[in-house]
Amino acid sequence: MRPSRPVIVPLPDVTRYLLPKEKLLYMDRRHPVVLVGPVLIALGICVLTGLLVTITGAGAMVDLYVWVVIGALLWVFFKVLRWSRTVLVVTDRRVFECESMLIARAAIRPVFRQSVVFRQDPVGQRLNYGTVLTETPNGERVNTFKWIHNPRAFYQAVTDKAV
């Protein structure tokens, strides 16, 4: 588990997805840097639409601008809500990603010790995010956990209890 610190949005409860006698080792959501993309896209859409309204003049275009801004803000709100309700979970038997929005779903992924790879670029080291890749024993499928907050702890939790 993560060390305690002030939490604005608490992590969702994943105990109902645990198997009997399964022990929770690590649980965290993706790094907040994943929200930068949607915020920049929405900001760009708002600016471009504002320029379009300014160039073409007022009138019906102002209504379009208002609806585009409302739509962009709702899309960003949805992305933030989805980020806050999705967690990565490591137990002593498996690794899974749980998204608990309106319908809760859990993507269960098998993890084996010899197939876990940890990557972190220099920016990721500064901001404390990275990528952990997992591969099945036969090498057919690679699961990628991108933008993991505190990836060293996630990697350590996965490799300590992997089969």
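Applying the side chain to side chain donor-acceptor pair (under 3.5 Å) test to Gln125 and every residue at least two apart in sequence or in another chain returns nothing. For Ile55, the side chain to side chain contact (heavy atoms under 4.5 Å, CB included) test picks out no residue, with sequence neighbours left out. Taking Lys23 as the reference, Leu25, Asp92 meet the side chain to side chain contact (heavy atoms under 4.5 Å, CB included) condition, with sequence neighbours excluded. With sequence neighbours left out, the side chain to side chain contact (heavy atoms under 4.5 Å, CB included) criterion links Leu74 to Ile70. With sequence neighbours left out, Tyr65 forms a ring pair (Phe, Tyr, Trp, His ring centres under 6.0 Å) with no residue at all.
Annotation: Trp75, atom CH2; neighbour count of heavy atoms from other residues, nucleotides and ligands within 6.0 Å is above 12.
A distance-only check finds a donor-acceptor pair linking the side chain of Arg30 to the backbone of Lys146 [under 3.5 Å]. Between the side chain of Glu22 and the backbone N or O of Leu19, at least one donor-acceptor pair lies under 3.5 Å.
Atom CG in Asp28 sits 12.0 Å away from atom OG1 in Thr86 (nearest 0.5 Å). Atom OH of residue Tyr155 and atom CG of residue Asn150 lie 14.5 Å apart, to the nearest 0.5 angstrom.
Proximity of Met27 to Val14: side-chain heavy atoms (C-beta onward) are separated by under 4.5 Å at one or more points.
Aromatic ring orientation, Trp147 versus Tyr129: tilted (interplanar angle from 30° to 60°).
A salt bridge does not link Glu97 to Arg29: none of the charged side-chain nitrogens sits closer than 4.0 Å to a carboxylate oxygen.
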Show every donor-acceptor pair shorter than 3.5 Å between a side-chain atom in residues 31-48 and any protein atom, with sequence neighbours excluded, or say none if there are none.
unit_1 : atom_1 : unit_2 : atom_2 : d
His31  : ND1    : Val33  : N      : 3.1
His31  : NE2    : Leu127 : O      : 2.7

Query raised in the report: Which is it for Glu99 and Arg82 under the salt bridge (charged side-chain N to carboxylate O under 4.0 Å, His left out) test, yes or no, and what are the steps along the way?
Result: CA-CA 8 Å; Glu99 181 180 329; Arg82 186 174 179 189; 3.5 Å; yes
